[in-house]
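Report on one structure; see the data block that follows.
The basis for the numbers below is simple: all heavy atoms, side chains too, and nothing from hydrogens, waters or symmetry mates.
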Amino acid sequence: MEDQGKSRVKVLDRRHFTAEGQRREADAPEGPEAQPAPAPEPPAPPPSKEEPEQEGPFAEFLLNLCSSAFMSLGQVANPLTGRPEMDIQSAASIIDILEMLQTKTRGNLSLAERDLLDQSLYQLKMLYVQALKKAEGGGRERGS
C-alpha cells in the first residue's frame, strides 16, 4: 500500500512482432499480457589505446606481486604496522620472480600484460637500486 501516492509509468510495446512471431496490427490495442522487451545493453566501448586493459588473472597476479615488492621497498606502508618498512632481500626475490615470468611468458602475453610486466619490472628495479644505495650509505660500515 506504499504505492498510493506515487504515479505509475505505463510502458507501451511498440515492436512490430508479437512474442510468438506474428506481425502486429498497426492499430491493434495492446492487452495487459503484452510485456515490454528489456532494452538491449549498449556494447562496451573498446579499450582506448592510451589506457591498456589490465584485467584478468595474470594482470591481477602481477599487480599482487608488485604490491608486495613496493611494500618491501618501503614505498607502501605495511598494513599491519601502518609504517613503511624495508626488506631488500624480499624485494630482490620478487624482482627475480618477475624477471623469470618475463622470460617464461615471452610471446604468450597480450600487449597490455606485457606492458604491465615490463613497466612494473623497470620501476621496481629503479627503486631497488635506490634502496640499495640508501642502505649502503645509511651508516653501515664496511669490514665490520
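- Atom CD of E85 sits about 8.0 Å away from atom CG of L80, to the nearest 0.5 Å.
- Identified under the salt bridge (Lys or Arg N to Asp or Glu O under 4.0 Å) test for residues 61-73, with sequence neighbours left out: none.
- Side-chain contact between D115 and L109: absent, with no pair of heavy atoms (C-beta onward) separated by less than 4.5 Å.
- Evaluation of the salt bridge (Lys or Arg N to Asp or Glu O under 4.0 Å) test over residues 93-108, restricted to residues two or more places apart or in two chains, returns E99-K125.
- Not counting sequence neighbours, T103 has no partner by the side-chain hydrogen bond (donor to acceptor under 3.5 Å, both in side chains) test.
- For S93, there are no side-chain contact (heavy atoms from CB on, under 4.5 Å) partners at least two apart in sequence or on another chain.
- Listed by chain and residue number, I88, Y128 satisfy the side-chain contact (heavy atoms from CB on, under 4.5 Å) test with L132 (two or more places apart in sequence, or in another chain).
- The CZ atom of F58 sits 9.5 Å away from the CG atom of N108 when rounded to the nearest 0.5 Å.
- Distance alone, capped at 3.5 Å, places no donor-acceptor pair between the E136 side chain and the K133 backbone.
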CA sep, side-chain torsions, deciding dist, call: L65, L101, side-chain contact (heavy atoms from CB on, under 4.5 Å): CA-CA 11 Å; L65 282 174; L101 284 171; 4.0 Å; yes
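- Other members of the hydrophobic cluster containing Y122, listed by chain and number, are M126; membership follows side-chain contacts under 4.5 Å among ILVMFWY residues, whether direct or relayed.
- D118 pairs by the side-chain contact (heavy atoms from CB on, under 4.5 Å) definition with Q102, R114, not counting sequence neighbours.
- Side chains of L117 and T105 form a contact here, defined as non-hydrogen atoms less than 4.5 Å apart.
- Separation of atoms OG (S67) and CG (L62) is listed at 10.5 Å; rounding is to 0.5 Å.
- Between the CD1 atom of I94 and the SG atom of C66 there is a distance of 8.5 Å, given to the nearest 0.5 Å.
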Please set out all donor-acceptor pairs under 3.5 angstrom arising from side-chain atoms of residues 68-75, sequence neighbours excluded.
from : atom 1 : to  : atom 2 : distance (Å)
S68  : OG     : N64 : O      : 3.3
S72  : OG     : S68 : O      : 3.0
S72  : OG     : S90 : OG     : 3.2

